[in-house]
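Step one of this worksheet: look at the structure below.
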Amino acid sequence: MADPFFPNEFIKEEQQQQPPSEATANRLLSLPYNIFSDKLKQAALNLKETIVKETWGSSGKQLNDYTVYTGALGTALLLFKAYQVTHNNKDLILCKDIIKACDSASFGSSRVTFICGQAGVSALGAVVANQTNDKTLCDHYLARFREIKLPKDLPNELLYGRAGYLWACLFLNKHLGENTISSTHMRIVKDEMIKAGRNLSTRECPLMYEWHGKRYWGAAHGLVGIMNVLMDMVLTEDELDDVKGTLRYMIKNRFSSGNYPSSEGSESDRLVHWCHGAPGVALTLAKAAKVFGSEEFEKAAVDAGEVVWERGLLKRVGICHGISGNAYVFLSLYRLTGDMKFLYRAKAFATFLHENAPTLISKGTMHGGDRPFSLFEGVGGMCYLFFDMIDPLQARFPAYEL
């Protein structure tokens, strides 16, 4: 079976500390950072226009998919990012219009998370309305958010479960002020997550979860995504110990390559994606290093980052399972350590995308995503990354890092 990634020609150049060759980078990687980021900014602005046209301009405003993951709300989140970078009010106004359409399309939906459900529409809607000083609309979205009911059989993972709902609560509290969503309400949801994790715990792993009968480890559906959200909650000492113990269990049971299984007991060391494998784990371990002030977790995060550097130039473009998402590992490690090596690596992955993605996608050598202009599967994620490369210290993996 062919490798799911391109050979990383940047590795040799990094080791030899030589400037990138014409063949590998077309000089972009060797440019001073301000010029490099200006080029990415222009590319992002151009690509944003195409994405808006393809996901919104041609839809007749009739939305089949309102989600952040593959739908119109992902375009709205991209426009909000563009506004944060350029302060172009046209982006904010268009973002607001798209969210209104998503609000109508999501009415009655049983999905409750930020990435794939109603919570994303209401949370982003409230934040954008607040940004435009539209208090009435902000109150509307907050009321819609507070009307969301969590089913008792709700899973605990990020895309469709409690973790994804709590992330939306955290997003609101970050942008609109602490206790916009009450700590009491969030604690009730957190307690359910801890209880569920302990019910499936093993002698070695304090917290364990299932989704569709499988004990996943990754960011999208499994352990590391749930731990990522729990670390933003107010936890008791016992709960903190459970989170740390769960992360230590994962580190102890990673593959000899340094990569992580997609699920409990899996022996397939193939996936190096945000959703499954080292990239999502690296982001969470980098967060754990900050939360716990732990060199142990920092080392493990850096080790996971090495896997991404060696095998992360995937033959896919998106942020969920593509090069765009993997680049965020290096941005996170750069913020954590201050080591310029990681900024170089993020720059290298962004360079590869900028110079090669359109051609490789058109040739069919790189998968452009089943929804090719979406945020999580398609070039929407690449566009978001390019905007984030402008100010790497402020970069955050969308809908995962706060």
Side-chain angles (χ1 to χ4, degrees), residues 28-29 31 33-52 68-69 73-88 91-92 95 114-115 124 127 167 171 174-175 219 228 273-274 279-280 282-284 286-287 305 308-309 312-314 316-355 357 373-402:
L28 185 63
L29 187 54
L31 294 174
Y33 201 90
N34 62 327
I35 301 175
F36 166 83
S37 63
D38 281 347
K39 286 186 175 293
L40 285 194
K41 180 179 178 181
Q42 190 56 56
L45 290 171
N46 293 338
L47 183 54
K48 178 202 69 175
E49 296 302 319
T50 301
I51 291 166
V52 168
V68 165
Y69 192 85
L73 197 64
T75 301
L77 190 59
L78 175 63
L79 285 164
F80 188 52
K81 165 58 67 174
Y83 168 77
Q84 290 173 315
V85 170
T86 67
H87 305 292
N88 184 338
D91 286 333
L92 197 61
C95 174
F114 188 90
I115 295 176
L124 184 60
V127 169
W167 198 92
F171 179 83
K174 175 186 176 181
H175 288 280
N228 189 67
H273 304 167
W274 168 77
L283 292 171
T284 294
K287 181 174 183 174
V308 182
W309 182 231
L313 278 178
L314 302 176
R316 293 173 176 267
V317 73
I319 60 170
C320 182
H321 33 268
I323 297 174
S324 301
N326 286 356
Y328 277 93
V329 170
F330 307 124
L331 291 170
S332 185
L333 291 173
Y334 172 59
R335 295 196 311 273
L336 175 66
T337 67
D339 190 336
M340 293 297 292
K341 171 179 73 176
F342 296 117
L343 183 59
Y344 168 84
R345 291 179 175 186
K347 194 178 174 186
F349 272 36
T351 292
F352 185 92
L353 287 167
H354 182 273
E355 300 300 342
F373 297 96
S374 66
L375 185 64
F376 267 68
E377 286 188 356
V379 295
M382 181 172 74
C383 187
Y384 202 103
L385 171 68
F386 287 176
F387 279 126
D388 258 339
M389 291 297 298
I390 295 166
D391 187 356
L393 290 175
Q394 297 303 314
R396 300 292 186 275
F397 191 110
Y400 196 64
E401 294 182 297
L402 280 166

Result for ring pair (Phe, Tyr, Trp, His ring centres under 6.0 Å) between Y69 and one of F376, F114, Y400 points to F376
Donor-acceptor contact below 3.5 Å, side chain S324 vs main chain V317: yes
I'd like to know if E355 pairs up with K39 as an ion pair, taking the criterion as any Lys NZ or Arg NE/NH1/NH2 lying under 4.0 Å from an Asp or Glu carboxylate oxygen. no
Taking every non-hydrogen atom, the tightest pair across A44 and C383: O-SG, 3.2 Å
Run Q42 and D38 through side chain to side chain donor-acceptor pair (under 3.5 Å) and show every step you take. CA-CA 6 Å; Q42 190 56 56; D38 281 347; over 6 Å; no
Judged by atom type as modelled, is there a donor-acceptor pair below 3.5 Å linking the side chain of K41 to the main-chain atoms of I390? no
Parallel, tilted or perpendicular: which describes the rings of Y384 and Y328, with under 30° parallel and over 60° perpendicular? tilted
Atom CH2 in W167, atom CG in L402: separation rounded to 0.5 Å? 5.0 Å
Students often mix this up, so state it plainly: with edges at 30° and 60°, are the rings of F330 and W309 parallel, tilted or perpendicular? perpendicular
Do the charged groups of K81 and D388 touch, with an N to O distance under 4.0 Å? yes
Any chance you could lay out the side chain to side chain contact (heavy atoms under 4.5 Å, CB included) test for H273 and L314, step after step, and finish with the verdict? CA-CA 8 Å; H273 304 167; L314 302 176; 3.4 Å; yes
Backbone N or O of A395 within a donor-acceptor pair of the R335 side chain at under 3.5 Å? yes
Verdict with supporting geometry, Y33 and F36, ring pair (Phe, Tyr, Trp, His ring centres under 6.0 Å): CA-CA 5 Å; Y33 201 90; F36 166 83; 5.3 Å; yes
Heavy-atom distance under 4.5 Å between the side chains of L45 and F387, does that happen here? yes
Determine whether K48 and D91 satisfy the following criterion, salt bridge (Lys or Arg N to Asp or Glu O under 4.0 Å), listing intermediate values before the conclusion. CA-CA 10 Å; K48 178 202 69 175; D91 286 333; 2.8 Å; yes
Does any N or O in the side chain of S37 come within less than 3.5 Å of the main-chain N or O of N34, such that one atom is a donor and the other an acceptor? yes
Looking only at non-hydrogen atoms, find the nearest pair between A346 and A327 and report the distance. CB-O, 4.0 Å
